[in-house]
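Some notes on the structure that comes next.
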Number of protein chains: 2
Amino acid sequence: MQISDRKKKILQAVVEEYIETAEPVGSKTIQHKAGLDCSPATIRNELADLCSSGYLEQPHTSAGRVPTAKGYRLYVNELMRQQKLSVEETEAINASLSAKAEELDQLISDAGHMASLVTNYPAVSITSQTPATIKRFDLIYIDPNTFIIVLLLTNDTVKNKLVHLPFSFEESMMTRLSAVFNASFTGITEDKISPVLISSSERAVGDTMGLCSVIAGFAIEILSTAKSGGALVTGEANLLKLPEFKDPEKAHRLMNYLSDTSNLSILPSLTQDGDVKVLIGPENVAEELKDSSVVLASYNAGDNMKGLIGVVGPTRMDYSSVAAKLSYIAASLSKLLGGGGSPPPGFGKLMIKGDDNDG
Amino acid sequence: MQISDRKKKILQAVVEEYIETAEPVGSKTIQHKAGLDCSPATIRNELADLCSSGYLEQPHTSAGRVPTAKGYRLYVNELMRQQKLSVEETEAINASLSAKAEELDQLISDAGHMASLVTNYPAVSITSQTPATIKRFDLIYIDPNTFIIVLLLTNDTVKNKLVHLPFSFEESMMTRLSAVFNASFTGITEDKISPVLISSSERAVGDTMGLCSVIAGFAIEILSTAKSGGALVTGEANLLKLPEFKDPEKAHRLMNYLSDTSNLSILPSLTQDGDVKVLIGPENVAEELKDSSVVLASYNAGDNMKGLIGVVGPTRMDYSSVAAKLSYIAASLSKLLGGGGSPPPGFGKLMIKGDDNDG
DNA sequence: GTTTAGCACTCAGGAAGATAGAGTGCTAAA
DNA sequence: TTTAGCACTCTATCTTCCTGAGTGCTAAAC
């Protein structure tokens, strides 16, 4: 079905006005907003058409019009103006993101914060790693009861653990353990680490104290947790400012859904690198999101790692502005994380991909 | 001022009934609840007294009574029955906490989740570390362009970073760097790491490529971030179920306050190890918490590290149950983290204090 | 002196009705 | 095809009324 230009203009006016005011839009308002030189009566005729073709709807007879999901979709696909960020906005984002560029976890969480801050919607920040294996084992002997395990993974992240044992061992044991683990435990997936493999290693190094078990246990733990990425939600409080969530019941349902991060794990499958994806109302699979919209932007977080930032809000969302902002943040992240740009200059920041943690 | 036993009984009945129903409590209800063998009229006389001495108040003439902060305080200090957790509750907490005992960050965040889950209030989880210094440097040479920095801190946490440089260096350089850093950079605080110290190290090892700067930069970063602990808020959505937050405006104010974790950094100063602390309404310093209550429990997270879990809710909070639950969780954490108990048995879990991170 | 029954009084909250106003759809003329 | 005119619809708001829970006070009973 074809839609006349005038209808599109009208639809656009309805969407933009509704986004701003959250009130059904009447014919007179549209006339002003769209700057059309025809009377409200004419616009009413067009509105009736747009209603019957499903782009708009009326909360009740004799109310103004409200966009449907189909209406928003058309708007997003064809009518939405590409929005430019203001200099202040880009500068704020840049400053906030690059300040902490040394710490990846921090950076990703900051990106979520930032997304929520600039859009005024709850934001999600998700990372998903493709399965990694261990590239290298190092064992650092500290004292007769203590050593540190350092694992270098194929995705260039480093994991460590301090192990303190109630019995003592010799430094030479570390060297032997290193050799065996580097020989037998590198390049394999979690399920390949079997009790058989562990006991054969124990025999190989003469370990009667369970050192191999400790190290292997840590390896299993790392491999199993590394494959599931983390998700983070910030700024839920923003929902409560919106008129569509003045019913606490409704707000509660959505916030509850968002607070269970396992619900969010499907999102990464929906985006393609570099793209901004918009899911409007019923386009969402989850029942809890059927009358909300989600805007997602993915970024490249370096080797084998994909990141996603997104915001959740009512279908009446300022798609244009939100998309622009997320897109910018995602691009900045890709750049900062070396996924396609030059790293930021500065002291101690040269292509560094390590990590920090608290034990 | 002395309060008769009967008045105390009545106050207790009012508090407990109000906690349950969130409705002002009338004299008849109290008669039943407290099982007093006197008439409602008598109780009304007592209520009037309790009102004038400030333990109760009336939303309006001819409504029932509601406890004031002073009333809650008396209740918490003297009248509250020590509540025992059910076996299911303790088991649920134990299971959830020990399952992930290997990862400290995870454990702390789980504890927050758990606190929110069992109490149905938003929970905060805060850790504050007392300043640590670096105990030991290790540098692991990976290839001519790559090495890993491993720092062991005095509080027995381990930090690491993979550094990939655009120029190559020899393995022997690592050994020299290790020696210098272990000699000059251990045991000192962040502000002692001066450009002068760095350049003298560069001269000592013959570093013309800025390797010393990279390592020193990482050390500074670690020392400066390690001293500020992390805070985490979970379960904010729970607020919306409560009748006192049916006004979204009110809920928004509190959630906004909580979402800024820097607001929470004063909390640790309020508790003593092992104690459960209750702050009722206006006893809170922050304006935003003046009509909410906070219950805090601290735990010992091992060397030089103090942890705090707490929940935030309306003054009408089930103090007894919340205090019992938090206390139990805090005790479990202290135990798990080796701050005064035996570590849990099991594969790979022997007094381990390391950490894992994603870079 | 304390307790209690009786009673008039108060006040929040909900139901019912009245009103206003925004916006519509339709018809008939331009 | 557009537009002016007009009757109509429906929500939101305001007012009024009513109900019932709960009080405070008084005077009698214990």
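The sequence lines fix the lettering, A, B, ..., with proteins before strands; numbering per chain opens at 1.
At a cut-off of 3.5 angstrom, counting only N and O atoms as typed in the model, there is no donor on one side facing an acceptor on the other between the side-chain of A:Thr42 and the base of D:dT2. Contact annotation: side chain of B:Ser62 to base of C:dT10, donor-acceptor pair present below 3.5 Å.
Straight-line distance from the CG atom of B:Leu47 to the P atom of C:dT4: 14 Å, rounded to whole Å. Between A:Arg44 atom CZ and D:dT9 atom P the separation is 16 Å, expressed in whole Å. Rounded to a whole Å, the NE2 atom of B:His60 is 5 Å from the C1' atom of C:dA12. Per the geometry, CG belonging to B:Asp37 stands 17 Å off P belonging to C:dT2, to the nearest Å. Across the protein-nucleic acid pair, B:Ile43 atom CD1 and D:dT23 atom P stand 10 Å apart, rounded to whole Å. Look at CG on A:Asp49: it is 12 Å from P on C:dC26, rounded to the nearest Å. Rounded to an integer number of Å, the gap from CG of A:Asn45 to P of D:dG5 is 16 Å. Between B:Ile10 atom CD1 and C:dT3 atom C1' there is a gap of 13 Å when expressed in whole angstrom units.
C:dT27 is paired with D:dA4 under the Watson-Crick or G-U wobble criterion, all donor-acceptor distances under 3.5 Å.
Residue B:Lys246 places its NZ atom among 12 or fewer non-hydrogen atoms of other residues, nucleotides or ligands, all under 6.0 Å distant. Atom NZ of A:Lys241 sits in a crowded spot, with more than 12 heavy atoms from other residues, nucleotides or ligands closer than 6.0 Å.
A:Arg65 has a side-chain polar atom (N or O) that falls below the 4.0 Å cut-off from OP1 or OP2 of C:dG25. A sub-4.0 Å separation between OP1 or OP2 of C:dT3 and a side-chain N or O of B:Arg6 is present. Phosphate proximity of D:dT9 to A:Gln58: absent, as no side-chain N or O sits under 4.0 Å from OP1 or OP2. OP1 or OP2 of C:dC11 sits under 4.0 Å from a side-chain N or O of B:Thr61. In terms of phosphate contacts, B:Ser39 brings no side-chain nitrogen or oxygen within less than 4.0 Å of OP1 or OP2 of C:dT3.
Proximity of the aromatic rings of B:Tyr75 and B:Tyr319 is defined here by a centroid distance below 6.0 angstrom, and this criterion is not met.
Shortest non-hydrogen contact noted between B:Pro59 and B:Pro24 is CG-CG, 3.8 Å.
For the pair A:Met255/A:Leu239, a side-chain contact is recorded, criterion being any heavy-atom separation below 4.5 Å from C-beta on.
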